[in-house]
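Below: the structure, in structure tokens.
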2 protein chains.
Amino acid sequence: MNEQQLFIRIGSNIREMREERGMTQQDLAARCNMEKSNISRIEAGRTNLTARSAWKISQALGVKLGALFEVDF
Amino acid sequence: MNEQQLFIRIGSNIREMREERGMTQQDLAARCNMEKSNISRIEAGRTNLTARSAWKISQALGVKLGALFEVDF
DNA sequence: GGGACAGTTATCATATATGACAACCACGCA
DNA sequence: TGCGTGGTTGTCATATATGATAACTGTCCC
């Protein structure tokens with residue numbers, strides 16, 4: 001797995017959990033105090049997100065931090 | 001849990017797994033192609049590490065990416 | 001004392017994540 | 001047609017992660 005695939009996989013995890021909860025990107029951004037453009041970039045795997053951002057997202061989704069990072073080894 | 005505690009917890013996870021494997025920070029840095037000073041900052045929780053760095057570290061330690069982020073919710 | 005090793009800390013330059021904001025696209029609906 | 005909503009993309013400024021490097025501390029052993 002290369003780096004780009006990693007980001008895409010993390011972003012897909014986030015998107016999946018967000019949609020399961022019936023939230024829009026705007027909803028999630030508001031709960032995270034983050035920009036919706038940033039959420040979009042993260043979900044699309046276009047950015048190398050930080051632990052801080054991941055943490056805020058995990059809190060907003062009500063999941064464990066590690067859940068965002070479950071990718072095939 | 002605040003942000004600083006989060007970083008410290010992640011750093012402690014990394015340190016613990018590194019030491020379990022009998023590696024020095026220098027060893028880990030070399031396997032990650034990262035600076036040893038950076039490893040030191042990350043383990044001490046003084047930096048908001050990125051997914052890329054976490055990924056390289058997890059590969060070098062031979063653990064799943066999510067394992068680095070196992071923190072109390 | 002002195003050398004080797006592990007880790008920490010400081011500084012500087014560079015790359016980039018994010019915030020802030022705007023424009024845009026696609027879609028559904030009235 | 002037009003409007004609202006969800007998402008994407010672009011730009012700019014700022015903050016900061018990291019690389020590169022060096023100096024420093026503490027420890028262990030000769």
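Below, chain A is the first sequence line, B the second, and so on; all start at residue 1. Computed from a predicted model, the values in this text were never measured in an experiment. In what follows, every heavy atom counts, from backbone to side chain, and hydrogens, waters and symmetry copies are set aside.
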- Should V63(A) and V71(A) be regarded as members of a common hydrophobic cluster, given that ILVMFWY residues are connected when their side-chain heavy atoms come within less than 4.5 Å of each other, either directly or indirectly? yes
- Item | L68(B)-I8(B) co-clustered via ILVMFWY side chain contacts under 4.5 Å |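 No: no chain of side-chain contacts under 4.5 Å links L68(B) to I8(B).
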- Answer yes or no: are there more than 12 heavy-atom neighbours, outside R15(B) itself, under 6.0 Å from its atom CZ? yes
- Query: Does R9(B) come within less than 4.0 Å of D72(B), counting only side-chain N to carboxylate O?
  - Reply: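 Salt bridge: yes.
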Can any side-chain N or O of [X] pair as donor or acceptor with the backbone N or O of [Y] at less than 3.5 Å?
{"X": "N48(B)", "Y": "R52(A)", "result": "yes"}
{"X": "Q5(B)", "Y": "N2(B)", "result": "yes"}
{"X": "R18(B)", "Y": "M23(B)", "result": "yes"}

Each nucleotide N or O in nucleotides 12-18 of chain C that has a protein N or O under 3.5 Å away: list the pair and distance.
| from | atom 1 | to | atom 2 | distance (Å) |
| --- | --- | --- | --- | --- |
| dA17(C) | OP2 | T47(A) | OG1 | 3.3 |
| dA17(C) | O5' | T47(A) | OG1 | 3.2 |
| dT18(C) | OP1 | T50(A) | N | 3.2 |
| dT18(C) | OP1 | T50(A) | OG1 | 3.1 |
| dT18(C) | OP1 | S53(A) | OG | 2.4 |
| dT18(C) | O5' | N38(A) | ND2 | 3.3 |

- Mind listing the residues from residues 9-29 of chain B sitting with a heavy atom below 4.0 Å of DNA chain D? Number order is fine.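 Output list: empty, so none.
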